[in-house]
Amino acid sequence: MTSTTTGARGVESDGGATLRLDRAHVFHSWSAQASLAPMAIAGGRGCEVWDVEGRTYLDFSSQLVNINIGHGHPAVVAAIQEQAAVLPTISPAHANLARGRAAEAIVRHAPEGMSKVFFTNGGADANENAMRMARLHTGRDKVLSAYRSYHGNTGAAVVATGDWRRMPNEFARGHVHFFGPYLYRSDFWSTSAEQESERALAHLARVVESEGPGTIAAILLETVVGTGGVLVPPPGYLAGVRALCDAHGIMLILDEVMAGFGRTGSWFAFDQFDVRPDLVTFAKGVNSGYVPAGGVIISDEIAATFDERVFPGGLTYSGHPLAMAAIVATIEAMEEEKVVENAARVGTDLLAPGLAALAERHPVIGDVRGLGVFWALELVTDRATRTPVSAAAMGRLKAELLARNLLPFLANNRLHVVPPCVVTDDEVNRALAIVDEALTVIDQEVTA
Ligand code: PLP
């Protein structure tokens, strides 16, 4: 029997088949396989998911921080079904209405002067293609990016390719890293956000100078660093990076794969920092992952580079109609239901004060940071030394949260508080109460 994710609150009675088949045949990401015991999820609606036994969890992970519109949104599900009945797939070489409408809907929320979209299957290949565009546009090789960042899990495939498509893309060389701002664990001995911004910029300027500005195609940055810790850039930092790029003809690529499409309380996170990138990469929230999709929003200047010159990149499923229909329906539903506004309000009115109140009660919380529905609590054994809590303590925290029916997102010593953008006040209040209870257990263990 199959489950439904479209809202019928059906529970799979599968006699354990989900888990049995998974353990027998599914090879999981980023894991040693032998000891895995994944949750067997049967369905979801809004901010809730339920397992094959019918136990319901409040999803404060948004899975991999991608279900911005919530689980099983009926309009998005219907749009995918309708598109499947009309034309489920078509080569990217053809024009297709769903694809054109998806690109138009994305560009509607992009800055002036960015009117073209290249579609990919997800975030990693969006970044690959953005780097490729910047390199071909500038005729330079190097890409600078931050040590605390995640940009995806591809890279070798095109270099392993044997035919002509390899030659313009042999760019595995030329990656240089630098330290971005992170006041709580400053690499620059800063004691204020202003200092951190200024010093991180001075460091980046030194890296650019030392690498040779004329060799650098792009600086690639997550606007708000996501999995690396929900690091919101301090005032002036992104504008400073933009100025540095402008001074040296370097392209600024902002990775909005996790931060984009409402997560920070604006359509793009960079909207709140008054900076215009040359290339924007997106995925996840663009259609809440209902069908895999990602892409690059391209400045008109960079797009013009490829007016007469061949762009040496492509994917069989670039602009896949089912993903495109999901994008159109997701963006329209977000506009109509004011989902981005909800994320902003929840951040300001509930999560900011609610998480600050938790920090007052729980000594294990060393730092609270974030915006919109994109927050992290950094957990430490001692606020003075800022020593991260152990992996065992994080494991205990996860168990305490799950025991109270809250599905969390944990990374290193941090609890990321990242519900869908459609989260209600009641759901936030329930989650805060659960986190409060779970942290009481951890406090006692960690600081005892
Ligand atoms: N960029 C960022 C900021 C991400 O958070 C991720 C995934 O978590 C990626 C890129 C890679 O996206 P994907 O897993 O869709 O390839």
Side-chain angles (χ1 to χ4, degrees), residues 29-30 63-66 89-93 96 98-99 102-103 106-107 110 114 116-137 141 143 145-146 149-175 217-223 226-228 251-261 268 277-299 302-303 305-306 310-324 326-327 330:
S29 324
W30 309 115
Q63 299 304 296
L64 289 178
V65 200
N66 63 315
T89 190
I90 193 75
S91 154
N96 172 260
R99 194 177 292 141
I106 291 165
V107 163
M114 303 192 88
K116 291 249 169 92
V117 180
F118 177 72
F119 287 108
T120 63
N121 301 330
D125 44 346
N127 284 321
E128 293 253 358
N129 280 286
M131 287 186 269
R132 168 189 282 150
M133 286 173 191
R135 282 165 162 157
L136 293 168
H137 177 73
D141 260 11
V143 172
S145 53
S149 69
Y150 181 68
H151 296 293
N153 180 36
T154 58
V158 80
V159 180
T161 295
D163 67 16
W164 69 274
R165 285 175 285 196
R166 182 183 78 249
M167 275 68 102
N169 291 314
E170 282 183 315
F171 288 130
R173 63 186 185 278
H175 288 272
I219 295 178
L220 167 62
L221 276 181
E222 285 175 82
T223 315
T227 318
M251 299 300 107
L252 177 60
I253 307 172
L254 289 182
D255 179 339
E256 291 260 345
V257 169
M258 191 178 277
F261 291 94
F268 291 105
D278 300 296
L279 295 160
V280 179
T281 57
F282 66 86
K284 298 190 188 265
V286 69
N287 65 4
S288 284
Y290 284 31
V291 185
V296 188
I297 311 173
I298 312 164
S299 73
I302 296 178
T305 294
F306 302 102
V310 172
F311 173 65
L315 299 155
T316 298
Y317 303 126
S318 174
H320 191 282
L322 298 185
M324 299 299 109
I327 289 175
T330 298

Q: Is the closest side-chain heavy-atom distance between Thr223 and Phe268 below 4.5 Å?
A: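 No, every pair of side-chain atoms sits at 4.5 Å or beyond.
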
Q: Which atom pair, heavy atoms only, marks the closest approach of Ala124 to Gly152?
A: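 Shortest heavy-atom separation between Ala124 and Gly152 comes out as CB-CA, 3.6 Å.
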
Q: Got a sec: does the OH of Tyr317 have more than 12 other heavy atoms crowding it under 6.0 Å?
A: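 No, OH of Tyr317 has 12 or fewer neighbouring heavy atoms, counting only those of other groups under 6.0 Å.
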
Q: Return the OG1 to CG distance between Thr154 and Asp125, rounded to the nearest 0.5 Å.
A: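 With rounding to 0.5 Å, OG1 (Thr154) is 6.5 Å from CG (Asp125).
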
Q: According to side chain to side chain donor-acceptor pair (under 3.5 Å), who are the partners of Thr281, at least two apart in sequence or on a separate chain?
A: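 Scan of Thr281 (side chain to side chain donor-acceptor pair (under 3.5 Å), adjacent residues dropped) gives Asn127.
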
Q: Check whether any side-chain heavy atom of Val286 lies under 4.5 Å from a side-chain heavy atom of Ile106, and answer yes or no.
A: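 Answer yes - side chains close enough.
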
Q: I want to check something: taking the side chain as every heavy atom from C-beta on, are His320 and Phe119 in contact at a cut-off of under 4.5 Å?
A: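 Result no, sub-4.5 Å side-chain heavy-atom pair not found.
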
Q: Measure across Thr227 and Glu222 and return the closest heavy-atom pair with its distance rounded to 0.1 Å.
A: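 Shortest heavy-atom contact: N-OE1, 4.4 Å.
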
Q: Going by the side-chain contact (heavy atoms from CB on, under 4.5 Å) test, name the single residue among Val143, Leu221, Leu220, Ile219 that passes it with Ile253.
A: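 Testing each of Val143, Leu221, Leu220, Ile219 against Ile253, the sole residue satisfying side-chain contact (heavy atoms from CB on, under 4.5 Å) is Leu220.
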
Q: From Ile302 CD1 over to Ile297 CD1, what is the distance, rounded to the nearest 0.5 angstrom?
A: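 Taking CD1 in Ile302 and CD1 in Ile297, the distance rounds to 12.5 Å.
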
Q: Mind checking whether Leu279 and Ile298 have side chains closer than 4.5 Å, heavy atoms only?
A: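 Touching, per the 4.5 Å side-chain cut-off.
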
Q: Could you pull out all residues at least two apart from Asn66 that satisfy side chain to side chain donor-acceptor pair (under 3.5 Å)?
A: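 With neighbours one apart ignored, the set is empty.
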
Q: How would you list, by chain and number, every residue that makes a ring-ring contact (aromatic ring centres under 6.0 Å, His included) with His137, sequence neighbours excluded?
A: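 None.
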
